[in-house]
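Below is one structure, written out as structure tokens; the observations come after it.
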Amino acid sequence: MDLSELRAKIDDVDEQIVELYEKRMDISRQVAEYKIETGKKVFDRQREQEKLARLKSLTHNEFNSHGIVELFEQIMSMSRKLQYQLLIQRGSLGKLPFIGVDKLETKRARVVFQGAEGAYSQAAMIKYFGDEINSFHVETFRDAMSAIDEGSADFAVLPIENSTAGIVSEIYDLLVEFENYIVGEQIIKIEHCLLGVPGAELSDIRIVYSHPQSLMQSARFLADHNWRQISMQNNAFAARKVAEDGDKTQAAIAGEHAGEVYGLKILRKGVNHAGANSTRFIIVTNQKVFRKDAAKVSICFEVPHRSGSLYHMLSHFIYNNLNLTKIESRPIEDRSWEYRFFVDFEGNLADSAVKNALRGLRDEARNMKILGNY
């Protein structure tokens, strides 16, 4: 037979596969109807593993054996997704434990941020909540999370990602540890300034204080000067030290807002070499709420430590036509070489497609948690 005849035979087989696939999905629909009536779970891992083993035994070589497992994993996955969709449509999967609100209750709210007066976190807080707020600051991110958890604060403002330095990994870990949820975000453009005491000039400077990351981001500027560089816990702490010491030979690299707070002089603006440097801050609370106009969902989940697990989890977003905007991984404590995945995607918790994807993930993943909708 020539190539055209072989292709015709493949076309004929493919048409039969399509016909059989649609027949199978129709039966899956009937299975969903039965599960709605009886309250049975959609995902039965043991049943699927037994079925895959039986189908694998019907093949005649190792290559086909692997192929048939992969094929039927996909077919069964599509069947589950159809069943989840029907269960959602019938209201048989219940409601997500989050309440939609028209707006956040921020009047008379107490807001906490990490760092000192003048920190970028404070600037992000003011930009999000406005000037007339009741706020206080703490030394660590954990302290901020604990303040919400204990009820001494209603909201916390925390940096989660910088456009040049990447994620703040500690924040991801704390979101898993604490029962606190993201309800908003604020992006702040980062423009580091060299700040000195009033009357100081660039030629007076001998020592520069700042956070290690800010020193790194300003490396090109600092390379032109033979200054001693000293790391500080926070840029605002650096600015406060320079102001308190009142020494013309000292300078801090921090934001313009910190300079205003501590009465420092701007010796040079924009000393960080990345002009498009921004930090994304999240607004966190201990209430399971989301704005009805929220458009981004953040979740985290663990997957079984075996081949294809993450692929199958992500297929829930593909099938429900949800756009992923970010995926990160963090190692799981006390479990070597196993990871927890953090995913951001477009959508609202009231959307049926989002409910469908989350229900499938919850059944098939390990320890899935909704981190917020904002």
Side-chain angles (χ1 to χ4, degrees), residues 93-114 121 124-125 127-129 133-136 138 140-161 167-187 279-302 317 322 324-330 332 340-351 353-355 357-359 361-362 365-374:
L93 285 178
K95 296 181 179 179
L96 294 170
F98 283 78
I99 300 171
V101 296
D102 293 319
K103 64 177 183 178
L104 300 174
E105 292 294 332
T106 58
K107 193 174 182 181
R108 292 188 294 276
R110 298 200 74 201
V111 185
V112 61
F113 64 93
Q114 181 271 339
S121 294
M125 176 188 69
K127 190 168 183 180
Y128 188 87
F129 290 98
I133 52 172
N134 184 6
S135 67
F136 65 98
V138 293
T140 68
F141 298 139
R142 177 174 289 278
D143 290 340
M145 282 293 215
S146 295
I148 309 173
D149 197 49
E150 296 163 359
S152 58
D154 301 301
F155 299 96
V157 180
L158 300 166
I160 195 168
E161 179 184 14
I167 67 169
V168 184
S169 57
E170 184 182 352
I171 301 299
Y172 281 85
D173 296 338
L174 291 171
L175 284 169
V176 175
E177 181 181 343
F178 286 83
E179 288 300 319
N180 296 330
Y181 305 92
I182 308 170
V183 290
E185 68 178 354
Q186 182 66 58
I187 296 174
T279 295
R280 182 166 69 99
F281 293 83
I282 53 173
I283 315 302
V284 180
T285 186
N286 63 0
Q287 302 297 309
K288 287 187 175 182
V289 297
F290 66 97
R291 285 180 48 138
K292 291 178 180 177
D293 61 352
K296 181 194 289 185
V297 180
S298 292
I299 66 170
C300 67
F301 57 84
E302 300 167 28
F317 300 103
L322 297 173
L324 265 69
T325 57
K326 189 174 185 62
I327 181 167
E328 297 283 350
S329 65
R330 293 284 300 142
I332 300 173
R340 181 178 292 110
F341 294 92
F342 294 81
V343 172
D344 292 349
F345 62 95
E346 295 174 357
N348 186 284
L349 291 178
D351 298 342
V354 172
K355 290 179 182 178
L358 292 177
R359 189 59 62 174
L361 283 163
R362 177 161 287 159
R366 295 196 310 208
N367 303 324
M368 195 275 280
K369 180 182 179 182
I370 300 171
L371 301 175
N373 188 194
Y374 49 101

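Every value quoted in this text rests on a predicted model; they were computed, and no experiment measured them.
In this view, D154 satisfies the salt bridge (charged side-chain N to carboxylate O under 4.0 Å, His left out) rule with no residue, not counting sequence neighbours. A search for salt bridge (charged side-chain N to carboxylate O under 4.0 Å, His left out) contacts involving R340 returns E302, not counting sequence neighbours. Under the rule for a salt bridge (charged side-chain N to carboxylate O under 4.0 Å, His left out), the partners of D173 that lie at least two apart in sequence or sit in another chain are R330. Partners of K296 under the salt bridge (charged side-chain N to carboxylate O under 4.0 Å, His left out) rule, at least two apart in sequence or in another chain, are E185. Listed by chain and residue number, V157, Q186, I188, F281 satisfy the side chain to side chain contact (heavy atoms under 4.5 Å, CB included) test with A124 (two or more places apart in sequence, or in another chain). Contacts of Y172 classified as ring-ring contact (aromatic ring centres under 6.0 Å, His included), with partners at least two apart in sequence or in another chain: F342. In this structure, the side-chain hydrogen bond (donor to acceptor under 3.5 Å, both in side chains) partners of E161, at least two apart in sequence or on a different chain, are R280, K326. Every residue two or more places apart in sequence or in another chain that forms a side-chain hydrogen bond (donor to acceptor under 3.5 Å, both in side chains) with S298 is listed here: D344, Y374. Residues meeting the ring-ring contact (aromatic ring centres under 6.0 Å, His included) test with F301, sequence neighbours left out: none. With sequence neighbours left out, the side-chain hydrogen bond (donor to acceptor under 3.5 Å, both in side chains) criterion links S146 to no other residue. Residues forming a side-chain hydrogen bond (donor to acceptor under 3.5 Å, both in side chains) with T140 (at least two apart in sequence, or on another chain): D143.
Summarising the geometry of A156 relative to A144, their closest heavy-atom pair is CB-O, 4.2 Å, with the distance given to 0.1 Å. Between R142 and E170 the shortest heavy-atom distance is N-OE2, 4.2 Å. Across every non-hydrogen atom of Y128 and V183, the tightest pair is OH-O, 4.1 Å. F98 and V289 make their closest contact through CD2-N, 4.0 Å (heavy atoms, listed as atom of the first residue, atom of the second, distance).
Checked by atom type and distance alone, the side chain of S152 pairs as donor or acceptor with a backbone atom of A147 at under 3.5 Å. Under the 3.5 Å distance criterion, the side-chain polar atoms of N373 are matched with a main-chain donor or acceptor of L349. Checking side-chain atoms of D351 against main-chain N and O of A353 turns up no donor-acceptor pair under 3.5 Å.
Listed by first and then second residue, the salt bridge (Lys or Arg N to Asp or Glu O under 4.0 Å) pairs that reach into residues 103-112 come to none, sequence neighbours excluded.
At most 12 non-hydrogen atoms from other residues, nucleotides or ligands lie less than 6.0 angstrom from CD1 of I99.
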